[in-house]
Amino acid sequence: EAQYNLGNMYINGRGVQQDYQQALYWYRKAAEQGDAGAQNNLGAMYNNGHGVQQDYQQAVYWYRKAAEQGHAWAQNNLGAMYANGNGIKRDFNQAIYWWQKSAAQGNTSARANLATLGIYDY
């Protein structure tokens, strides 16, 4: 948890100078130990190319690790990867599946994604 928190401090520049490389280092340490928040944030770094070369397949890998542990934001993010076909074959059924799991936990972004498809039952 401390490694994840330190990664957050570096990515946001709180108490330290913003440093994506340090954020990446600490997120990876926490993610490899199973921290879902760090896995999600590591996925976001790969998705957005922050501190690393953009790599959608790595983003999907880390989002999935966190999503399978029940991390609502990772579930939403993985759904988006499926919907857009980034790093994985486009599959709207999988997108809906992950968005529904996320929405069931109260994630408003996932609910909005489902609502745009006319799906309100989550």
Side-chain angles (χ1 to χ4, degrees):
E1 188 175 332
Q3 292 167 336
Y4 167 70
N5 289 335
L6 191 52
N8 283 337
M9 293 182 78
Y10 276 110
I11 206 159
N12 294 310
R14 292 205 174 122
V16 295
Q17 186 168 344
Q18 186 180 43
D19 185 333
Y20 288 139
Q21 292 302 312
Q22 283 295 310
L24 181 72
Y25 174 81
W26 290 109
Y27 283 152
R28 185 174 305 282
K29 286 190 81 72
E32 289 173 349
Q33 296 175 66
D35 186 286
Q39 291 167 341
N40 178 65
N41 288 5
L42 192 54
M45 291 186 79
Y46 278 107
N47 191 27
N48 299 311
H50 291 158
V52 294
Q53 184 174 344
Q54 189 174 46
D55 185 334
Y56 291 139
Q57 290 178 334
Q58 279 294 304
V60 167
Y61 173 82
W62 290 109
Y63 285 152
R64 182 179 307 285
K65 287 264 202 201
E68 289 174 349
Q69 291 187 70
H71 192 280
W73 273 107
Q75 292 168 338
N76 179 66
N77 295 337
L78 184 57
M81 300 302 275
Y82 272 110
N84 295 316
N86 291 337
I88 199 161
K89 185 179 178 188
R90 179 176 278 179
D91 184 334
F92 285 108
N93 289 328
Q94 281 295 303
I96 291 166
Y97 171 81
W98 288 109
W99 285 337
Q100 285 178 324
K101 289 184 92 50
S102 180
Q105 295 185 69
N107 186 292
T108 55
S109 290
R111 287 181 175 182
N113 290 332
L114 291 167
T116 63
L117 299 174
I119 300 170
Y120 300 99
D121 182 25
Y122 36 80

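Just so it is clear, the structure is predicted and the values come from calculations on it, not from any experiment. The first residue of the sequence shown is numbered 1, and numbering continues consecutively from there.
Ring geometry, Tyr20 versus His50: the interplanar angle falls under 30°, so the pair is classed parallel (tilted spans 30 to 60°).
The side-chain contact (heavy atoms from CB on, under 4.5 Å) test with Asn107 is passed by exactly one of Asn77, Asn113, Asn76: Asn76.
If you take CE on Met81 and CZ on Arg64, they are separated by 10.5 Å, rounding to the nearest 0.5 Å. Remark: Met9 CE to Gln22 CD distance equals 12.5 Å, nearest 0.5 Å. One finds the CD atom of Gln21 at 11.0 Å from the CD1 atom of Ile11 (value rounded to the nearest 0.5 Å). Atom-to-atom distance recorded for Lys65:NZ and Asp35:CG is 13.0 Å, nearest 0.5 angstrom.
Nearest approach of Gln39 to Gln69, heavy atoms of both residues: OE1-NE2, 2.7 Å. Residue Gln3 comes nearest to Gln33 through the heavy atom pair OE1-NE2, 2.7 Å, listed as atom of the first residue, atom of the second, then distance. The heavy-atom pair separating Ala23 from Gly7 by the smallest distance is CB-O, 3.6 Å. A pairwise comparison of heavy atoms in Ala66 and Ala36 identifies CB-O, 3.3 Å as the closest pair. The minimum heavy-atom distance between Ala31 and Leu42, with the atom names listed, is CB-CD2, 3.9 Å.
Sparse packing is recorded around CD of Gln57, with 12 or fewer heavy atoms of other residues, nucleotides or ligands lying under 6.0 Å away.
Side-chain contact between Ile119 and Trp99 is absent, with no heavy atoms from C-beta onward closer than 4.5 Å. Side-chain atoms of Tyr27 and Tyr4, non-hydrogen and from C-beta on, do get closer than 4.5 Å to each other.
No donor-acceptor distance shorter than 3.5 angstrom exists from the side chain of Arg90 to the backbone of Tyr82, with no hydrogens or angles considered. Side-chain atoms of Gln94 do not come within 3.5 Å of backbone N or O of Lys89 as any donor-acceptor pair. Using a distance-only test at 3.5 Å, with no hydrogens or angles considered, no donor-acceptor pair links the side chain of Gln58 to the main chain of Gln53. Of the possible polar contacts, none joining the Gln18 side chain to the Asn12 backbone as a donor-acceptor pair under 3.5 Å is found.
Trp73 and Trp62 end up in different hydrophobic clusters when Ile, Leu, Val, Met, Phe, Trp and Tyr side chains are linked at under 4.5 Å. Residues Tyr97 and Tyr63 share a hydrophobic cluster, clusters being chains of Ile/Leu/Val/Met/Phe/Trp/Tyr side chains in contact below 4.5 Å. In the hydrophobic clustering of ILVMFWY residues, with side-chain heavy atoms under 4.5 Å counting as a link, Leu114 and Phe92 come out apart. At a threshold of 4.5 Å between side-chain heavy atoms, the hydrophobic network of Ile, Leu, Val, Met, Phe, Trp and Tyr places Tyr10 and Val52 in two separate groups.
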